[in-house]
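One structure is given below, encoded as C-alpha cells.
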Number of protein chains: 2
Amino acid sequence: MIIHTTRLKERVGGEASLRGWLVSKQARGQVAFLTLRDGEGTAQLVCERAALGDEAFEALKALPLEAPILATGLVRLPEGRDRPELALRELEAGPSAPDWPIGRKEHGPDFLMERRHLWIRAPRQAAILRIRSSLEFACVEFLHREGFHRFDAPLVTPTACEGTTELFELDYFGKAAYLSQSAQLYAEAGIAALERVYSLGPCFRAEKSVTRRHLTEFWGVEPEMAHVDAVGNMAFQERFIRAVLRKVAEEREGDLAFLGRDPESLVFGPEPFPVLLYDEVLERLSRQGREVPWGEDLSVEDEEALAAGFATPFFVYKYPVKCRAFYIEPDPADPRLALSSDCLAPGLGEIITGGQRASDHDFLKSRIVEHGLSLDDFAWYLDLRRYGSVTHSGFGMGIERMLRFVCGLRHIREAIPFARTPQRIAP
Amino acid sequence: MIIHTTRLKERVGGEASLRGWLVSKQARGQVAFLTLRDGEGTAQLVCERAALGDEAFEALKALPLEAPILATGLVRLPEGRDRPELALRELEAGPSAPDWPIGRKEHGPDFLMERRHLWIRAPRQAAILRIRSSLEFACVEFLHREGFHRFDAPLVTPTACEGTTELFELDYFGKAAYLSQSAQLYAEAGIAALERVYSLGPCFRAEKSVTRRHLTEFWGVEPEMAHVDAVGNMAFQERFIRAVLRKVAEEREGDLAFLGRDPESLVFGPEPFPVLLYDEVLERLSRQGREVPWGEDLSVEDEEALAAGFATPFFVYKYPVKCRAFYIEPDPADPRLALSSDCLAPGLGEIITGGQRASDHDFLKSRIVEHGLSLDDFAWYLDLRRYGSVTHSGFGMGIERMLRFVCGLRHIREAIPFARTPQRIAP
C-alpha cells in the first residue's frame, strides 16, 4: 500500500511503499541513502547492497535527481531518532534528465526565480507552499463558519479604487480598463445584500519600487461586515487571526518545524492583542529615537522597530485622516483622526489594514471631491450611501505578508508560487 | 436578541428581533405588511395600527424601500403556512433616499446590469450569490479534505496558455503581458512539488461573442493530480461533483427552494455517471437529426440536445485530438483520439473539461511546434517533462457554469456578483 511520507510513523515495524521523486542521494560504501519527496514531505530510504543485489544497488546509485520513484521496504525507527526511515527492498524508477539544475550550492535569487517552476520542488519551498495552502483554507473555513458569504469582486474595473496611480492598464476591446487593487468597494455593495461577505483573490499594484515585502500581484482576503464599527472590527480581526493561526499550527506542525518555526509561537495566550493609539505609537517610537512628525504614516523601519517590542499581533488605531484612504469614517470625537487601524505582526510589521467606512452620503461625496476623484466614477459607490446605508467595517489581509510572519521569511518572493515583481513575470 | 430570518422558525411563540433592510411594503386598511431582508433571506412583518399606535403606524407606512430597519415582535406561524412571520411591536429605521430605482415592474437586463450594485439586493439575486458562495466553499473544502494543496497560479503571464488569440493585453511597466486564461500549466509545475494541487481564481478570455454562457472574466476551480490517468480523472470528478452538490443542497436548501429548484435534484443515486465515447455521441446526435462531422467539436446546441437525455451529469470521452489543446495525451490505442473528457450537466451542457496531460518530453515538444507555438515561451513547461515527468491529469470547472446548472439560470450574468462581458465592465 502506497502511503505518504508523513504517515510513515504509523507503520514502524511493517512494510510500506512510498511514491515520489528523488531529492538527493549519497553513497557510503555498501550503503546508499536516498531522500524521497512526495506531496507531503520527505523520507530517507536506506539502500543496502547486500539486501538489493549488485545490479539494483548500482542502478539506484546512478539514478538522476528528480527521477520518479516508487520505493517499498521495511519501516524502521533508528534509536534516538524521531523520523522513521525505509529500509529499501524494491525500487521502481522513471526517467529524468541527468542535468537537474538546482544543486546544493548556494544559488542567487535570480538563478532560482528563473527556475521557479523547478525550485518549488525544493523541500523548503514545498513546505512554505503547503503552509500557504493551509493558511488560505483556514481563512475561508473560519469566515464560512462565521456566516460570511464569499463575494468575488471583479478584477477588470473601469476606474481606480483609491486613485489612478499604481494601476495596471489593460486593453479591453479597444478601451482602457484597470486591474483591481482591492475588492473592498465591491464588497461594500455586497453587504447590503449579504450582510457579511469576503473575497479571496488577486490584487494588483503597479508599484515600481523593489522591496522585500511588495509584489505587483498578491492575494488578499477581504472581509466586510454590516452593523460593525471600528472597535468591533478589531475584535473580529483578533478572533480571525487566533483561529486561523491555531489551525495552521495544528495542520502544518511538521512543515513549520522543518522551517525552524515553533508551531506554538502561532498560538497566543488569553491576553487580548494590545491596541495602541497612533499618538501613543509616536511617543513610543520617539523613546526609541525615531521621530515621526504627527500626520505622517509609519515607515517600514518604524513598523519593524515598533513590532520588535511585541510577542503577539497588536493594533495601531486612529491614524490621522490624511494618511488613510478617502472612504474612512472620521472619529466623531476628533475629526483629524480616522476610525481605522493596522494590525502588525510581532517582529515584522503590518499584515492587516482595516477600518470603519464612511456611511454618510454627503460626507463621502465631499471626500471624493477633496481627493480629486471623479464623482461620475464613484456614482455607484455613492449610491450605496443613498440607499439603506448602515455602519460597516472591513479589512484586508495580505496572504503573502501573513505567510512571511508564519514561516519567518525574509523575502516575500518565497511566499507565493510564482512571484510577480517589476522585473519579473516569467516563468 | 437579534437573529437571522432563517432562524425565525426556532422562535415561534416567542419574541425576536430582526435586522435588515425594507424590501417591500403593502398596506391594507389597518394592517401593513413589510418584507425585511437580511443576509440570509427575508421575513414578513405584520404591522397592526391597533398594536403600534397611529403615529408609528403612519411612520412605517411612509418608510422608503431599502431603509435599514430593526424590527422586534412576536414570532407566529399562521395556520397552514410554513414560514413564520413577525407580529411587529417596535420598529427602528434608518434613512434611505425615496427614489429606489428597482421596482417590481419588469426591467430590461441593461437597466439592471447598470445598477448591479443595487440589483444584487433583490432576494432572488442574493439567493443566487449565497448559493455561489456555498458552491465555492464546497469545492475547496472537498479538495482540502482530499489532500489537495491550494496553488495560486499567476494571473499576469508573459505568454498565452493555449495560443495568443482571446487574450487581454496588459501594459506591464512598458512591456506587454497577458491575463491568464487558465491556471493549468502552472498547476502542472505544482504537482511535482505538492502532488495534488488546485486553484480557485479568475480566468480571462477576450472573446467578443455575446452568448448566454460566456463571460470575459470568470472563476474556475482547477485541480491537477500526479499519478492519475484519464479514467481516474473522471472517477475523481464524479466524486467531486457528488460531494460538492450534496453539500450545496444541504447548506442552501431554502435558497434553492426559493429559486424553484428542488434540492434533491442535486443529489444523485448510486448509478455511476455515464461515460460516452465521442463516437457514440455522434451516433446519438445523428439519431436526433444532428449531423456532426467526425473531428468537429460539439456546438452549444449539440451539447444541449445531448444533455436533454440525461438525469445526472455524464462524460463525453476520447474527443478527436484536433479539437483539444496541444498538451493532451493521445490514446495509445488510437492516436487520433485524446485521453480527454468533458463533463456535461443534465439539460445544460459542459461544466468541466479535463484530461490526461502529455507526459513525454519529445512528444509534447512536437505538439508545441505543430500548433505554431514558441518553444522559447514553453521551455519552462517542457522542463516539467525533462525532470521527473509522471502520468498526470486534471480538470477545470467553471464556477458560473456550474451555478447555472445548480440554480437553473438562463443567463450566466446572474451567476457572478459583477459580470464582465464585451460590452460591460461597470460598475
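Within every chain, numbering begins at 1; the chains are lettered A, B, ... in the order of the sequence lines, protein sequences first and strands thereafter. Computed from a prediction, not measured in an experiment: that's the story for all the values here.
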Closest heavy-atom pair and its distance - [X], [Y]:
X	Y	value
B:Arg420	A:Pro158	NH2-CD, 4.2 Å
A:Tyr387	B:Arg121	O-NH1, 3.1 Å
B:Pro427	A:Trp380	CB-CG, 3.6 Å
A:Arg150	B:Ser133	N-OG, 2.8 Å
A:Val390	B:Trp21	CG2-CZ2, 3.8 Å
A:Phe173	B:Pro422	CE1-CA, 3.5 Å

Pick one of side chain, backbone, both or neither for [X], based on which atoms fall under 4.5 Å of a heavy atom in chain B.
X	answer
A:Ile191	backbone
A:Pro154	both
A:Glu207	backbone
A:Arg132	side chain
A:Leu200	both
A:Ile425	both
A:His117	both
A:His4	side chain
A:Ala153	backbone

Just wondering, more than 12 heavy atoms not from B:Arg7 lying within 6.0 Å of its CZ?
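Counting other residues, nucleotides and ligands, CZ of B:Arg7 stays at 12 neighbours or fewer.
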May I ask you to check whether over 12 heavy atoms, not counting those of A:Lys365, lie within 6.0 Å of atom NZ?
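Count not over threshold, so no.
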If you round to the nearest 0.5 Å, how far is [atom2] of [Y] from [atom1] of [X]?
X	Y	atom1	atom2	result
A:Leu129	B:Phe151	CG	CZ	6.0 Å
A:Glu169	B:Glu169	CD	CD	11.5 Å
B:Trp100	A:Asp383	CH2	CG	8.5 Å
A:Asp171	B:Leu170	CG	CG	10.0 Å

A:Arg116, A:His227, A:Arg115, A:Glu66: which one forms the most heavy-atom pairs within less than 4.5 Å of chain B?
A:His227
Counting heavy-atom pairs under 4.5 Å to chain B, which of A:Leu22, A:Ile69, A:Leu65, A:Leu179 comes out on top?
A:Leu179
Between A:Glu40 and B:His149, do the side chains contain a donor N or O and an acceptor N or O under 3.5 Å apart?
yes
Salt bridge flag under 4.0 Å for residues B:Arg386 and A:Asp99:
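A:Asp99 and B:Arg386: salt-bridged.
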Leading residue by heavy atom contact count with chain A [cutoff under 4.5 Å; candidates [options]]:
options	value
B:Glu195, B:Glu114, B:Arg196	B:Glu195
B:Val197, B:Leu118, B:Ile416	B:Leu118
B:Tyr381, B:Tyr198, B:Tyr186	B:Tyr186
B:Pro68, B:Ala177, B:Gly94, B:Ala192	B:Ala192
B:Ala206, B:Gly201, B:Pro64	B:Ala206
B:Lys175, B:His361, B:Lys208	B:Lys208

Kindly determine whether A:Phe204 and B:Val156 satisfy side-chain contact (heavy atoms from CB on, under 4.5 Å), including the steps that lead there.
CA-CA 9 Å; A:Phe204 299 91; B:Val156 173; 3.8 Å; yes
Exam field: side chain A:Glu217 to backbone B:Leu155, donor-acceptor pair closer than 3.5 Å:
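Flag set: sc A:Glu217 to bb B:Leu155 pair under 3.5 Å.
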Report the C-alpha distance between A:Thr216 and B:Tyr172 in whole Å, list the side-chain angles of each, state the deciding distance to 0.1 Å, and finish with yes or no for side chain to side chain donor-acceptor pair (under 3.5 Å).
CA-CA 10 Å; A:Thr216 55; B:Tyr172 196 81; 2.7 Å; yes
Give the C-alpha distance, both sets of side-chain angles, the deciding distance and a yes or no for side-chain contact (heavy atoms from CB on, under 4.5 Å) between A:Asp152 and B:Glu136.
CA-CA 10 Å; A:Asp152 299 313; B:Glu136 292 180 296; 2.6 Å; yes
Derivation and outcome, side-chain contact (heavy atoms from CB on, under 4.5 Å), residues A:Val140 and B:Glu141
CA-CA 9 Å; A:Val140 301; B:Glu141 187 188 49; over 6 Å; no
Quick one: sort the A:Phe137 and B:His144 rings into parallel, tilted or perpendicular, breaks at 30° and 60°.
parallel
